[in-house]
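Below is one structure, written out as structure tokens; comments come after it.
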Amino acid sequence: MMDKEKLKKMAENPGFISGIYNYCDRWCEKCPFTSRCMNYVLCEGQFGDPEANDINNKKFWDRLSEIFKLTLEMVKEDAAKMGVDIDAVDLEQVKEEEKRNGETCENNKCVQAAKAYYEMADKWFKSNNSLFEEKADDIRAKIEMVLPGANPEAEFLELKDAVEIIGWYEHQIYIKLKRAVSGTLRDTIDEDISDANGSAKVALLGIDNSIAAWGILRNHLEDQRDRILDILLHLSKLRKETEGTFPGARTFIRPGFDK
Ligand code: SF4
């Protein structure tokens, strides 16, 4: 049973990289830092048995609720040390500000372009379901033929990875950019936009990976070269726009990943 002291002790473990999970892409399955990430150990360690991994499982939600309460207690304690009374926050005012910020975020050029990107990507995948089936048949036939110099298995894996990468980042780019833009609105008060830059960097890395993945699809899918080129051009513009809006993003140091 996890308690507040245990959680605090865990957080003090020097083996963990402080805040590494704040600026990652949440792709734990592919992450080289799982053993140094408190978030991963806390979730996987606690929910490690298959039963607990089921999001419909009561145990999962009970544990989450327990961690939520402990975290809230810790936040209250830390806020009190800083002289902030969480209970005195004017929620109506906060709600109004959030609404205003939400509208400003949605109207931001980068956020709009990121939204347009995931809509384009979704549309492309929906209209090309059969294309992947045809490609799979084609690869199966190549495997049976055993052509010299051909490596259909590698071709299959390359395509599978590319599809997975695009799927992983397509909505995340939008979410991270929204967070980055909203960070600039919040952070103008203390002029510290490092968190916004961190989120923008994660979005940029997602864009880079997606560009590479679409490039792979384009190489393999002859008939789709023009349509994929449109998507690549859109992503390249989004990349440029994001770099222009967040000039400090590329040089932002993500704990663990960049040092
Ligand atoms: S740092 Fe790695 S292990 Fe931790 S949450 Fe991010 S992707 Fe997952």
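Both ligands and their constituent atoms are indexed starting at 1 by order of listing.
For Glu164 and Lys160, the salt-bridge test passes: some basic side-chain N is under 4.0 Å from an acidic carboxylate O. Salt-bridge annotation for Asp223 and Lys135: absent, with no side-chain N of the basic residue lying under 4.0 Å from a carboxylate O of the acidic one. Under the 4.0 Å criterion applied to side-chain N and carboxylate O atoms, Lys95 and Glu92 are assigned as salt-bridge partners.
Within the 4.5 Å cutoff, the side chain of Phe252 has no heavy atoms near those of the Phe246 side chain. You'll find the side chain of Ile165 reaches within 4.5 Å of the side chain of Trp27, heavy atoms only.
Distances from atom 2 (Fe) of ligand 1 show that Cys31 has an N/O/S atom below 2.8 Å. Among the atoms of Cys37, an N, O or S atom falls under 2.8 Å of atom 4 (Fe) of ligand 1.
Checking each of Cys110, Ser182, Ser199 against Leu177 for a side chain to side chain contact (heavy atoms under 4.5 Å, CB included) leaves exactly one that passes, namely Cys110.
Here the protein heavy atom with the shortest distance to atom 8 (Fe) of ligand 1 is Cys28 SG, 2.4 Å. For atom 6 (Fe) of ligand 1, the nearest protein heavy atom (residue, atom name, distance) is Cys24 SG, 2.3 Å.
Residue contacts with ligand 1: Trp27 is included, with a non-hydrogen atom under 4.0 Å away.
Of all the atoms in ligand 1, the ones that sit under 4.0 Å from a non-hydrogen atom of Asn39 are 5 (S). Interface of Thr34 with ligand 1, defined as ligand atoms under 4.0 Å from a residue heavy atom, comprises 3 (S).
Residue contacts with ligand 1 for Tyr40 involve side-chain atoms from C-beta outward but no N, CA, C or O (heavy atoms, distance under 4.0 Å).
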